[in-house]
Amino acid sequence: MTIRFYNTLTRRKEPFAPIVPGEVRMYSCGPTVYNFAHIGNFRAYIFADLLRRHLKNRGYRVTQVMNITDVEDKIIRTCNETGEPLQTLTERYTQAFLDDLDTLGVERAEHYPRATDNIGAIVDLIKRLLDKGYAYEAKGSIYFRLSAFPGYGKLSHYDTDTLRAGASGRVDHDEYGAEDVRDFALWKAYDAADGAVYWDTELGRGRPGWHIECSCMSMAHLGESFDIHTGGVDLIFPHHENEIAQSEAATGKPFVRYWLHNAHLLVEGRKMAKSLGNTYTLRDLLDMGHHPLAIRYVLLATHYRQPNNFTFDALEAAAESLERVRDFRARVQALADTANGGGRMADLAAECGDAFNAALDDDLNISAALAAVFTFIRESNKLLDAGEADGDGASAAEAMLNRAHAVTGLFPEPNADEGAPQEIWRQVLERQEARKRKDFARADAIRDELAQSGWIIEDTPKGPRVKRSFEHRA
RNA sequence: GGCGGCAUAGCCAAAUUGGUAAGGCAGAGGCUUGCAAAGCCUUGUACUCCCGGUUCGAGUCCGGGUGCCGCCUCCA
């Protein structure tokens with residue numbers, strides 16, 4: 001078993017080997033907290049989640065750090081517009097972000113450092129760069145001197161000479177003092193428009209630039225060289241390029257071994273844009289009645305380097321797919337205590353487990369991994385139909401699905417939260433009585449009634465089974 | 001203008017180093033069922049965006065086109 005990842009640095013799939021055997025240190029670029037994150041943002045976090053879960057599943061001890069950017073131009077602008085203090089705004093949206101991660105079943109990273117809690121360390125790092133001649137002061141701001149760092153461009157594969165200043169039309173006016181337009185700010189001198197947002201430091205009054213916090217906080221928690229850095233493709237340039245420049249200039253050591261970037265999310269085949277009205281937050285989708293697991297499924301099920309076309313059809317299909325797995329789990333659970341030889345299903349479970357892991361080892365090929373699960377379910381359902389499944393096979397199947405759930409977060413055990421209350425069972429029993437009397441009109445009426453309140457009855461050879469309908473589940 | 005990515009059935013989406021197109025959802029028919037549900041079987045000749053080329057063989061490689069998406073100094 002060799003895990004392979006596509007490394008943006010080399011533009012190739014490479015065998016993965018961490019710096020310290022058995023231990024993976026990874027950093028994931030996190031949110032800027034001035035608003036609710038949208039589902040495109042969450043694709044990035046779910047991708048990082050799959051990565052850390054798979055590595056753990058493969059036996060690595062994982063330390064993941066995700067920054068919370070809580071001081072930045074857009075935050076300050078929002079504060080100026082609303083008059084709200086920076087801290088209360090960022091605290092509110094940080095909490096909303098973490099809540100959303102919980103809703104989507106994203107495992108917590110080990111550390112969520114905030115930029116504003118690390119001003120001292122940021123200042124120290126900038127001083128190091130000043131001392132080494134990689135940075136200079138201009139009009140109270142500190143800039144990184146690109147010309148002093150020859151490796152610049154190795155991640156994005158941009159030729160720095162041909163970068164057209166301001167081609168994106170977003171050049172910041174306060175970079176006016178830079179020696180070279182391509183130099184970027186490490187520290188921004190205080191400006192009246194910043195209001196109450198500033199720190200008085202050895203560098204003067206001002207606030208950190210954006211890129212420096214990631215260099216600072218990643219190295220603080222993970223060391224000067226670490227294994228994996230994740231983020232959206234849009235961050236390759238300039239953000240990650242700048243992180244490399246700052247970090248490697250300061251330490252003289254390679255910063256990160258593997259750079260993994262996720263492609264963006266499209267919505268109904270179009271890019272997400274406010275003008276198109278297709279920018280959805282997680283809360284928007286929940287308000288529309290969509291289930292968090294179905295949302296997770298859609299965001300997860302497309303390979304991370306492939307553009308993911310988020311559609312409402314796909315969301316419905318995801319709910320159905322999850323239902324299929326859930327029904328299968330319930331079926332297998334009901335069999336768990338029988339024991340009657342034969343082990344075909346256990347073999348299938350083992351095969352599926354191998355295929356599942358092998359798929360994810362290959363640059364997190366989640367589509368192939370999920371296909372293995374569904375193939376297993378179909379083959380196992382055949383055995384169940386034929387009465388050729390036994391308790392051992394059922395246990396093996398459950399264990400395998402539990403492992404798949406540990407990696408994907410998509411297949412929770414079905415019963416826990418859905419035990420039907422007493423009065424529901426009373427109606428189920430009443431329906432059974434009616435069926436015995438062949439009073440099918442009455443039986444069907446009860447079934448319809450229960451369906452209205454979100455309980456689905458399935459008649460099995462062993463008697464009725466009651467389950468919560470997907471849309472009625474929390 | 002520069003750099004990069006993507007284009008596979010109605011929808012979503014996979015496919016080692018080129019080797020004869022996974023999986024899910026939806027639809028149709030059937031088995032099963034009191035009827036359903038769940039499950040199983042069968043079903044879509046998938047001209048793999050178009051046009052050329054290389055090859056015994058191309059979804060995969062090369063050239064050209066079309067469309068969509070991203071980055072080009074603080075957007076995942």
Side-chain angles (χ1 to χ4, degrees), chain A residues 11 13 28-32 37-48 69 72-74 146 156-159 162-172 175 178 181-185 188 209-211 230-239 241-242 261-266 269-272 297-298 301-303 305-325 327-328 330-331 359 362 365-375 377-378 381-382 384-386 435 438 440-441 443-444 447-448 451 456-461 464-465 467:
Chain A
R11 293 184 176 173
K13 278 191 205 174
S28 303
C29 273
T32 298
H38 57 65
I39 54 174
N41 300 124
F42 285 115
R43 181 185 193 197
Y45 307 128
I46 284 178
F47 148 61
T69 297
E72 185 263 358
D73 290 358
K74 289 193 298 294
L146 227 63
S156 56
H157 303 93
Y158 282 169
D159 175 0
T162 63
L163 288 177
R164 275 169 49 171
S168 72
R170 284 193 273 118
V171 173
D172 204 337
E175 297 199 328
V181 285
R182 299 168 311 174
D183 291 349
F184 58 90
K188 299 183 149 190
W210 176 42
H211 315 293
T230 73
V233 286
D234 55 301
L235 295 183
I236 295 171
F237 188 90
H239 183 56
E241 199 71 71
N242 291 354
H261 293 98
N262 61 278
H264 279 185
L265 186 76
L266 302 176
R270 313 287 310 273
K271 66 175 172 183
M272 265 195 297
Y297 190 105
V298 171
T302 300
H303 183 85
R305 285 192 286 113
Q306 203 72 207
N308 180 336
N309 187 13
F310 182 94
T311 66
F312 286 95
D313 282 350
L315 200 51
E316 311 266 323
E320 293 302 321
S321 301
L322 290 171
E323 191 67 3
R324 179 170 168 81
V325 179
D327 285 336
F328 174 73
R331 222 180 157 190
D362 181 15
N365 188 340
I366 184 65
S367 310
L370 293 175
V373 171
F374 283 107
T375 300
I377 289 176
R378 190 184 59 247
N381 270 325
K382 281 191 214 177
L384 287 160
D385 282 356
R435 291 182 71 208
K438 307 268 186 207
F440 295 119
D444 292 352
R447 183 169 62 198
D448 290 347
I456 309 293
I457 297 186
E458 293 180 5
D459 296 319
T460 76
R465 172 181 164 236
K467 69 174 183 179

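Below, chains carry the letters A, B, ... as their sequence lines are ordered, and counting in each starts from 1.
Rounded to the nearest Å, the gap between the C1' atom of B:C71 and that of B:C61 is 27 Å. A gap of 14 Å separates the P atoms of B:U48 and B:A22, to the nearest Å. With P as the reference atom, B:C50 and B:A9 are 10 Å apart, rounded to whole Å. Separating the C1' atom of B:A58 from that of B:C68 is a span of 24 Å, rounded to the nearest Å. B:G1 sits 27 Å from B:C51 when the C1' atoms are compared, rounded to a whole Å. Using C1' as the reference atom, B:A15 and B:U60 are 9 Å apart when rounded to the nearest Å. Distance check on atom P: B:C12 versus B:C72 gives 28 Å, rounded to whole Å. Taking the P atom of each, B:C75 and B:A7 are spaced 28 Å apart, rounded to whole Å.
Within 4.0 Å (heavy atoms only), A:H38 reaches at least one base atom of the nucleic acid. Counting any heavy atom pair closer than 4.0 Å across all strands shown, A:D327 reaches sugar-phosphate atoms only and no base atom. When heavy atoms are screened at a 4.0 angstrom cut-off, A:G40 is found touching base atoms of the nucleic acid. Counting any heavy atom pair closer than 4.0 Å across all strands shown, A:I236 reaches no nucleic acid atom. Backbone-only contact: A:R331 has heavy atoms under 4.0 Å from sugar-phosphate atoms and none from a base. A:L265 comes within contact range of at least one nucleobase, with a heavy-atom separation under 4.0 Å. Within the 4.0 angstrom heavy-atom criterion, no nucleotide atom of any strand lies near A:K438. At a threshold of 4.0 angstrom between heavy atoms, the contacts of A:F440 include nucleobase atoms, whether or not backbone atoms are also involved. Note on A:N381: only backbone sugar-phosphate atoms sit closer than 4.0 angstrom, heavy atoms only; bases stay farther off. If you check every strand for non-hydrogen atoms under 4.0 Å, A:H264 touches a base. As judged by a 4.0 angstrom heavy-atom cut-off over every strand, A:D362 is placed among residues making no nucleic acid contact. Across all strands, A:I457 comes closer than 4.0 Å to base atoms (heavy-atom distances). Heavy atoms of A:R435 sit under 4.0 angstrom from at least one base atom. Contact annotation for A:E241: no contact, since no heavy-atom pair falls under 4.0 Å across all strands.
Between B:A13, B:U73, B:G34, one nucleotide has an atom nearer to the side chain of A:F184 than all others, and that is B:U73. Nearest nucleotide to the side chain of A:I456, out of B:C71, B:A22, B:A37: B:A37. Nearest nucleotide to the A:E72 side chain, out of B:C75, B:A76, B:C35: B:C75. Nearest nucleotide to the side chain of A:R11, out of B:G4, B:C75, B:A76: B:G4. Comparing B:G23, B:C69, B:A14 by their closest approach to the side chain of A:L266 singles out B:C69. Nearest nucleotide to the side chain of A:L146, out of B:G70, B:A26, B:U73: B:U73. The side chain of A:K382 lies closest to B:C41, out of B:C41, B:U73, B:G23. With B:C35, B:G34, B:A76 as the choices, the nucleotide that has an atom nearest any side-chain atom of A:L235 turns out to be B:A76. The side chain of A:Y158 has B:C71 as its nearest neighbour among B:G34, B:C71, B:C69. Distance from the side chain of A:S367 is smallest to B:A22 among B:C35, B:A22, B:U73.
Between the NZ atom of A:K74 and the OG1 atom of A:T69 there is a distance of 9.0 Å, given to the nearest 0.5 Å.
With a 3.5 Å ceiling on both atom-pair distances, the Watson-Crick or G-U wobble partner of B:A7 is B:U66.
Nucleotides of RNA chain B nearest to A:A372 and A:P31 differ in position, and the one nearer the 5' end is that of A:A372. Residue-to-nucleotide proximity on RNA chain B shows that, of A:A441 and A:R305, the 5′-proximal contact is made by A:R305.
Straight-line distance from the CD atom of A:E458 to the P atom of B:C40: 13 Å, rounded to whole Å.
Under 4.0 Å is where a charged nitrogen must lie from a carboxylate oxygen, and between A:D444 and A:R447 at least one such pair does.
Taking 3.5 Å as the limit, the base of B:C25 and the side chain of A:R324 contain no donor-acceptor pair of atoms between them.
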